[in-house]
**Student:** 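Below: one structure in structure tokens.
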Amino acid sequence: MPEAVAKPSILPPRYQLPELVLPPVLPTDAASLTALLHAVIASHNDVKTQALNHMQHMLEQFILARYRMFGASSEQSANQGRLFDEAETLAADSTEIQDVAPLPTELEPGKGKPASKPARGKRAPLPSELQRVDVVHDVPAAERTCPCGTPMVEIGQDVSEQLDIVPMQVRVLRHIRKRYGCPGSEHAPVTAPLPPQPLPKSNASADFLAMLLIVKFIDGLPLYRFEYVLDRHGVTVPRQTLARWVIGAGRLLQPLHNLMRDALLESPFIHVDETVVQVLKALGKQPTSNSYMWVQTGGPPGQPVVLFDYDPGRGAQVPMRLLHDYRGFLMTDGYDGYNQLARTDGIEHMACWAHVRRRFVEAVKVQPKGRRGLADEAVAMIGKLYSIERDCKDASDAERLLARQTHSVPALAALKAWLDKSLPGVTPKSALGKALSYMRDYWSRLTRYTERGDLPIDNNRCENAIRPFVVGRKAWLFSDTVAGANASAVIYSLLETAKANGLEPYTWLRRVLRDLPAAKTVDDVAALLPWNMKDLHTPDLTSGVTS
């Protein structure tokens, strides 16, 4: 009969049952034998418990991995996975009424305001600033004679409006510089100077550069696709040339990035987060290794700032370099790389409640279906903290502080008591155990937001600022060089800051690229910062170009 072969264990060696080792001479009295038996059983039970905990941990990780890959996420768009059936899906849920887009109401003469208020619940109309092109349909002259024989006179008109769009126009600007000379040729001629250009050694206009940066950094269009778009319009611009223009524009815009950092350091609180970026040609790094884009948001009241900075590493020296001059409140996640900066005198470290809640949501996902557990209780109690924040969203800082002291502080005390009671009875390596330990470890930082009325409860502002970069990264995948990564950081900073200040990014960037080359002083550059151009209006893009 063949000898049985033992199946290999799926558990690490430390979780496998030890071989039974007995002393050379067994005791003969009942008490000693009983003690030996209990010791053997206890050692085996300890290993079995550890093995069961390990298996539970692996099962939870498997379930969470399936959720991340196949499950719906509230942080993603509802139509994220409907790229190919978007038209059919959306049209099936609509009615014929939606064949007509809402147009702006007629403006009262001389007032610039709608003649009537739109009905409640209706969609906001298209902006009245949109250019109107009149297409006049007249009655033929032969039909303008009344049956009584009298020529008809115009008594009014019926106006209906349609949305129209003009495709992208690629044109060539011919800079014609007039030259004047002495009739007798006794003196040197005089030639009209060429206005300062954003990239003097290139033949890209300011408006072309603005469009190039918008389609890449706002619309997430890789350069090779924009190359194809231009080719369809009969213009050949190699992607290498486009890349050089992007990097050159980043250098041109650097002074604005510097001034935005100065404004950021005046913030009462700053959000910080980081995300990965791949740079193929970074010195001393493999092409497949990760570099990082560090994002900081803040700014004085009325001057929101979003700042991106590239760095090849994720160590504690990076936030120290970026924010070594800052003093105030610092909101981060639980990454230990921020601890050195947080130990700086004058910096008060806060932790993010959204990260805590996210861990308990993951613990809910790995629970047996239909069963309510401690993770659900935690999510509900954290939800109460957010409910208080929603109720005082539009309140003043003083009113919000009062609400936090009156309602949030007691809710936090109840949550802390529940945490202390629940933690000892939960397996540390389980999803719930990790969530409880995370909340315990960062508790003092999590409660700091109740000290003032202007402090944030979470780091969502920074995570929302990162999202456009992450979406764009899915299209262009990587940066080729460090120079390209730095240019991306500058351009993302400017465009996201413009959006945060309520500006249409193309309109603002077009103005900046036209005016920045002529700026001679710091004040000239500062005048182009987004919060100094809040009254900027969308220009008529069909108008001609004049000097």
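FYI, the numbering just counts along the sequence from 1.
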**Student:** Considering the options R510, R511, E504, which one meets the side-chain hydrogen bond (donor to acceptor under 3.5 Å, both in side chains) requirement together with T507?
**Tutor:**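 For T507, the side-chain hydrogen bond (donor to acceptor under 3.5 Å, both in side chains) test succeeds with only one of R510, R511, E504, which is E504.
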**Student:** Can you give me the closest heavy-atom contact between A249 and L213, atom names plus distance?
**Tutor:**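 Taking every non-hydrogen atom into account, CB-CD1, 3.9 Å.
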**Student:** Using salt bridge (Lys or Arg N to Asp or Glu O under 4.0 Å), reason through R321 and D309 one step at a time and then give a plain yes or no.
**Tutor:** CA-CA 11 Å; R321 173 177 62 83; D309 284 280; 5.3 Å; no
**Student:** Is the count of non-hydrogen atoms from other residues, nucleotides or ligands lying under 6.0 Å from L283 atom CG greater than 12?
**Tutor:** no
**Student:** Does the ring centre of H271 sit less than 6.0 Å away from the ring centre of F269?
**Tutor:** yes
**Student:** Less than 4.5 Å apart, side chain to side chain, heavy atoms only: is that true for L528 and L256?
**Tutor:** yes
**Student:** Does the side chain of D458 pick up a donor-acceptor pair with the side chain of Y386 at under 3.5 Å?
**Tutor:**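 The answer is yes; a qualifying pair exists.
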**Student:** List the steps, then state whether side chain to side chain contact (heavy atoms under 4.5 Å, CB included) holds for V295 with L307.
**Tutor:** CA-CA 6 Å; V295 185; L307 215 59; over 6 Å; no
**Student:** Can you measure from CD1 (I457) to SG (C352) and round to the nearest 0.5 angstrom?
**Tutor:**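 Answer rounded to 0.5 Å: 9.0 Å.
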**Student:** Please report the interatomic distance CZ(R358) to CG(D333), rounded to the nearest 0.5 Å.
**Tutor:**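 Separation between the atoms: 9.0 Å.
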**Student:** Taking all non-hydrogen atoms of both residues, which atom of Y506 and which atom of M211 are closest, and how far apart?
**Tutor:**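 Taking every non-hydrogen atom into account, CE1-N, 3.7 Å.
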**Student:** Set out, in order, the CA-CA distance, both residues' side-chain angles and the distance that settles salt bridge (Lys or Arg N to Asp or Glu O under 4.0 Å) for D454 and R400, then state yes or no.
**Tutor:** CA-CA 8 Å; D454 61 337; R400 189 177 299 106; over 6 Å; no
**Student:** Measure the shortest side-chain to side-chain distance between L495 and V306 over non-hydrogen atoms and say whether it is less than 4.5 angstrom.
**Tutor:**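 Heavy-atom side-chain distance check fails, nothing below 4.5 Å.
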**Student:** Which distance, rounded to the nearest 0.5 Å, do you find between the CZ of R174 and the CD1 of I176?
**Tutor:**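 One gets 4.5 Å once the value is rounded to the nearest 0.5 Å.
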**Student:** Give, for atom CG of L509 and atom CD1 of I218, the distance between the pair rounded to the nearest 0.5 Å.
**Tutor:**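 That separation rounds to 9.0 Å.
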**Student:** Whether the side chain of N459 engages the backbone of V272 through a donor-acceptor N/O pair (distance < 3.5 Å, no angle test) should be reported.
**Tutor:**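 Yes; judged by distance alone, with no hydrogens or angles, the pair exists.
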**Student:** Please test M168 against V229 for side chain to side chain contact (heavy atoms under 4.5 Å, CB included), starting from the C-alpha separation and ending with a verdict.
**Tutor:** CA-CA 10 Å; M168 185 180 70; V229 172; 3.6 Å; yes
**Student:** Does Y292 form a side chain to side chain contact (heavy atoms under 4.5 Å, CB included) with T275? I'd like the steps, not just the answer.
**Tutor:** CA-CA 6 Å; Y292 293 87; T275 188; over 6 Å; no
**Student:** Do the non-hydrogen side-chain atoms of M320 and L323 ever get within less than 4.5 Å of each other?
**Tutor:** no
**Student:** If every non-hydrogen atom of F308 is compared with every non-hydrogen atom of H257, which pair is closest and at what distance?
**Tutor:**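 In terms of heavy atoms, the two residues are closest at O-NE2, 3.1 Å.
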**Student:** Without swapping roles, check the side chain of D231 against the backbone of E227 for a donor-acceptor pair under 3.5 Å.
**Tutor:**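 Not at all, since once roles are kept as given, no pair shorter than 3.5 Å links the two residues.
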**Student:** Evaluate the criterion salt bridge (Lys or Arg N to Asp or Glu O under 4.0 Å) for residue pair E362 and K434; output intermediate values, then yes/no.
**Tutor:** CA-CA 10 Å; E362 289 188 347; K434 290 182 178 180; over 6 Å; no
**Student:** So, T241 side chain and V237 main chain: donor-acceptor pair closer than 3.5 Å or not?
**Tutor:**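 Checking the backbone N and O of V237 against the side chain of T241, no donor-acceptor pair under 3.5 Å is found.
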**Student:** Heavy-atom distance under 4.5 Å between the side chains of L259 and V522, does that happen here?
**Tutor:** yes
**Student:** Hey, does the side chain of Y335 reach the backbone of R314 with a donor-acceptor pair shorter than 3.5 angstrom?
**Tutor:**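 Pair found, side chain donor or acceptor close to backbone of R314.
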**Student:** With a 3.5 Å cut-off and no angle check, do the side chains of N464 and R467 form a donor-acceptor pair?
**Tutor:**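 There is such a pair (donor and acceptor under 3.5 Å, judged by atom type) between the side chains of N464 and R467.
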**Student:** Considering all heavy atoms of both residues, which atom of L503 and which atom of W508 are nearest to each other, and what is their separation?
**Tutor:** CD1-CD1, 3.6 Å
**Student:** Check whether any side-chain heavy atom of V277 lies under 4.5 Å from a side-chain heavy atom of F469, and answer yes or no.
**Tutor:**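 Result yes, sub-4.5 Å side-chain heavy-atom pair found.
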**Student:** Assess the pair F208 and W245: is the distance between their ring centroids shorter than 6.0 Å?
**Tutor:** yes
**Student:** Would you mind reporting whether P456 and M350 have side-chain heavy atoms less than 4.5 Å apart?
**Tutor:** yes
**Student:** Taking the side chain from R461 and the backbone from I270, do they hold a donor-acceptor pair closer than 3.5 Å?
**Tutor:**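 No, R461 side chain to I270 backbone: no donor-acceptor pair under 3.5 Å.
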**Student:** Test side chain to side chain contact (heavy atoms under 4.5 Å, CB included) on L221 and K216 and set out the steps.
**Tutor:** CA-CA 5 Å; L221 198 68; K216 176 172 171 59; 5.8 Å; no
**Student:** Side chains of R445 and H349: is there a donor and an acceptor less than 3.5 Å apart?
**Tutor:**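 A pair is found: one side chain offers a donor N or O, the other an acceptor, under 3.5 Å apart.
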**Student:** Between atom CD of E496 and atom CE of M260, what is the distance when rounded to the nearest 0.5 Å?
**Tutor:**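 Atom-to-atom, E496:CD and M260:CE are 10.0 Å apart.
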**Student:** With a 4.5 Å limit on heavy-atom distance, are the side chains of K285 and S291 in contact?
**Tutor:**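 K285 reaches S291 side chain to side chain.
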**Student:** Where is the tightest heavy-atom contact between Y442 and G334, given as atom of each residue plus distance?
**Tutor:**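 Looking at all heavy atoms of both residues, the shortest contact is OH-O, 2.7 Å.
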**Student:** Measure from NZ or CZ of R359 to the centre of the six-membered ring of Y438, then state whether that distance is under 6.0 Å and the direction lies within 45° of the axis.
**Tutor:** yes
**Student:** Closest approach of I466 and E274, non-hydrogen atoms and distance?
**Tutor:**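 Distance-wise, the nearest heavy atoms are CD1-N, 4.2 Å.
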